[in-house]
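Here the structure is a predicted model, which is why all the values come from computation and not from measurement. In what follows, every chain begins at residue 1, and chains take the letters A, B, ... in the order their sequences are listed.
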There are 2 protein chains.
Amino acid sequence: MDFYKGEPSILLAVDCIIFGFNGESLEILLIKRDLEPERNKWSLMGGFVKPEESPEGAATRVLKKLTGLENVYMDNCGIFGDPKRESHRRVVSITYFALIDTQQYQHIISDQYEAKWFPLDQHPDLIFDHKDMIAAAKRELRTKAALYPILFELLPDKFTIPQIASLYECVYNIQLDKRNFSRKLLASDLIIKLKEKDKENSKKGAFYYRLNTDIYKEKIMSFLRYLPSWSVENE
Amino acid sequence: MDFYKGEPSILLAVDCIIFGFNGESLEILLIKRDLEPERNKWSLMGGFVKPEESPEGAATRVLKKLTGLENVYMDNCGIFGDPKRESHRRVVSITYFALIDTQQYQHIISDQYEAKWFPLDQHPDLIFDHKDMIAAAKRELRTKAALYPILFELLPDKFTIPQIASLYECVYNIQLDKRNFSRKLLASDLIIKLKEKDKENSKKGAFYYRLNTDIYKEKIMSFLRYLPSWSVENE
DNA sequence: ACAAAAGTGTTGCGTGTACACCCATGC
DNA sequence: GCATGGGTGTACACGCAACACTTTTGT
């Protein structure tokens with residue numbers, strides 16, 4: 001039986017905002033678009049949702065195609081469906097942000113695309129509404145990261161506390177008191193101290209830590225301690 | 001020119017989780033589905049996205065069709081795109097939750113649909129994955145309402161503090177200390193005291209308040225004071 | 001008068017912030 | 001030994017939960 005006959009069909013796409021952290025700044029991975037229209041312009045990595053996959057599945061596939069990475073943290077961060085967003089054809093795009101460890105990425109990068117990292121706030125002009133998508137992803141990343149410790153996804157397995165502190169500083173564009181930050185993080189039981197020290201960035205050296213994955217998963221999964229909080233303040 | 005030729009077309013739908021508060025419990029508005037397949041079964045209000053409208057526009061249209069209401073608070077709360085979610089045809093559905101003031105709704109209800117309010121946790125069996133949609137909407141409502149004072153959207157223009165306190169109790173299934181709640185709310189400058197009292201629910205009577213829309217909009221728009229908060233706890 | 005719900009005053013505790021200080025190391 | 005960044009101790013402020021207490025009114 002063919003229900004819904006005559007209903008308008010719309011093309012459904014996904015676009016990925018791929019975040020990485022190089023120790024200095026928060027960056028996003030952009031590609032030179034490889035199909036018409038707008039071929040060769042800078043763009044987010046994306047693709048159409050195929051009949052046998054979910055939107056999230058499409059995003060996962062597209063991400064793997066570009067980076068070779070699997071099991072990457074991804075999360076929906078918007079729906080872009082303005083009828084005029086692409087002038088040629090009606091396409092609704094669902095966006096996902098991905099957090100990847102650039103250490104792992106370096107080695108597996110696909111040569112099929114001309115891909116390049118750009119500082120989050122200094123990307124070139126992009127096609128369609130991709131600029132808005134990035135802005136939405138940044139907002140969503142900030143919101144999520146304030147509630148759940150997802151930023152660890154951007155770091156290698158072994159990391160130092162100064163490293164993650166500077167990551168938070170990049171994400172929120174703030175200055176943190178590293179001493180208090182360190183204490184707070186340790187008190188959370190989220191990280192486990194290793195024997196080894198990183199001596200590259202200081203004479204004394206900072207201990208390496210790794211995630212306590214049990215506690216991490218618990219915190220990622222759990223919800224807010226839902227209480228009204230009207231003490232919302234501006235950025 | 002016809003770019004993207006040969007790309008699979010997918011039907012795109014929206015479904016609305018319509019929340020209302022009757023003073024006693026949090027409820028959702030369900031309808032008896034009026035088209036095949038699954039005609040006459042309980043369902044969320046929904047519809048297909050038309051070529052000339054955005055998904056959000058479709059949700060707004062569909063909501064107005066059922067309730068007659070416009071300018072209703074709505075927010076995306078999920079994407080349901082499993083290839084097998086409807087066995088007959090590939091449909092991806094974007095869900096929106098809506099917060100309406102049931103006082104206004106009572107009078108304008110459309111007779112075109114058999115619609116009925118159900119307590120959020122006691123709804124009948126629903127078609128497809130609509131049950132999951134409601135669960136996702138509930139989670140999203142709780143998260144949003146913990147960060148922004150959106151629950152006022154569920155109340156009439158004039159409301160009392162005990163009223164909104166009991167709304168929070170319903171949404172989070174908790175007991176609040178009304179005394180502290182009242183103080184906290186007043187300190188937020190979100191509400192403005194009126195001369196009048198509601199004497200229906202107590203002998204002393206509780207003052208009516210109305211929203212301070214300036215402060216309200218500011219708080220709704222503003223983002224988190226983005227700071228890492230790992231003190232996440234379970235429900 | 002008294003019950004019942006609205007609303008205020010007060011206090012202790014926990015968390016975050018600021019900052020003085022100590023520690024380890026390379027040069 | 002001294003500069004540099006890593007890390008600890010401590011003190012104060014603030015916000016929130018707890019709860020005794022006051023207020024207002026209907027019966």
Side-chain angles (χ1 to χ4, degrees), chain A residues 23-24 145-147 149 155 158-170 172-210 219 224-233, chain B residues 23-24 145-147 149 155 158-170 172-210 219 224-233:
Chain A
E24 298 262 301
L147 303 174
L155 296 176
K158 265 177 11 185
F159 53 84
T160 67
I161 294 184
Q163 239 181 318
I164 181 131
S166 84
L167 172 53
Y168 272 92
E169 292 185 328
C170 285
Y172 295 108
N173 197 30
I174 49 171
Q175 286 284 105
L176 284 176
D177 183 315
K178 313 290 195 306
R179 301 162 290 188
N180 289 330
F181 180 88
S182 158
R183 225 187 324 234
K184 192 171 165 184
L185 189 48
L186 287 168
S188 74
D189 276 332
L190 259 173
I191 58 175
I192 297 169
K193 196 179 203 164
L194 303 178
K195 297 267 161 62
E196 211 178 339
K197 268 189 173 184
D198 162 39
K199 309 270 257 180
E200 300 216 344
N201 298 298
S202 76
K203 292 160 187 167
K204 178 174 177 182
F207 278 104
Y208 279 115
Y209 289 80
R210 66 176 177 78
K219 303 236 176 198
L224 283 174
R225 179 157 158 273
Y226 294 110
L227 284 179
S229 140
W230 296 292
S231 56
V232 179
E233 289 175 20
Chain B
E24 298 261 302
L147 303 174
L155 296 175
K158 266 177 13 185
F159 53 84
T160 66
I161 295 185
Q163 240 181 315
I164 182 134
S166 84
L167 172 53
Y168 272 92
E169 292 185 328
C170 284
Y172 295 108
N173 197 29
I174 49 171
Q175 286 284 105
L176 285 175
D177 183 316
K178 314 289 196 305
R179 300 162 291 189
N180 289 331
F181 181 88
S182 157
R183 224 188 326 237
K184 192 171 166 183
L185 188 48
L186 288 168
S188 75
D189 276 333
L190 260 172
I191 58 175
I192 297 168
K193 196 179 202 163
L194 304 179
K195 296 268 160 62
E196 210 179 339
K197 269 189 172 184
D198 163 36
K199 308 271 257 179
E200 299 215 344
N201 298 298
S202 75
K203 294 160 185 170
K204 179 174 178 183
F207 277 104
Y208 280 115
Y209 289 80
R210 66 177 177 80
K219 303 238 175 195
L224 283 174
R225 181 158 157 274
Y226 294 110
L227 284 179
S229 141
W230 295 293
S231 55
V232 179
E233 289 176 23

Whole angstrom value for the distance that separates P of D:dG6 from CZ of A:Phe181:
13 Å

A:Leu176 CG - C:dG16 C1' separation (whole Å):
13 Å

Can you list the residues that meet the side chain to side chain donor-acceptor pair (under 3.5 Å) rule with A:Asp189, with sequence neighbours excluded?
none

Quick one: list whatever passes salt bridge (charged side-chain N to carboxylate O under 4.0 Å, His left out) with B:Arg179, sequence neighbours left out.
B:Asp177

Kindly give the atom pairs (protein nitrogen or oxygen, nucleotide nitrogen or oxygen) under 3.5 Å for nucleotides 6-10 of chain C.
residue : atom : partner  : partner atom : Å
C:dA6   : N3   : B:Lys204 : NZ           : 2.9
C:dG7   : OP1  : B:Phe207 : N            : 3.3
C:dG9   : N7   : B:Arg183 : NH1          : 2.8
C:dG9   : O6   : B:Arg183 : NH1          : 3.2
C:dG9   : O6   : B:Arg183 : NH2          : 2.8

Provide, to the nearest angstrom, the distance between the NZ atom belonging to B:Lys199 and the C1' atom belonging to D:dT24.
7 Å

List in chain and number order the residues that pass salt bridge (charged side-chain N to carboxylate O under 4.0 Å, His left out) with A:Lys178, two or more places apart in sequence or in another chain; answer none if no residue qualifies.
A:Glu169

Take the protein atom NZ of B:Lys184 and the nucleotide atom C1' of D:dC14, then report the distance between them rounded to whole Å.
14 Å

Between NZ of A:Lys203 and C1' of C:dC22 the distance, given in whole Å, is 17 Å

Taking only residues two or more places apart in sequence or in another chain, which ones pass salt bridge (charged side-chain N to carboxylate O under 4.0 Å, His left out) with A:Lys197?
none

Taking the side chain as every heavy atom from C-beta outward, state whether B:Ile161 and B:Ile191 have any pair of such atoms under 4.5 Å apart.
yes

Tell me every residue that passes side chain to side chain contact (heavy atoms under 4.5 Å, CB included) with A:Leu194, counting only those two or more places apart in sequence or in another chain.
A:Lys158, A:Tyr208, A:Arg210

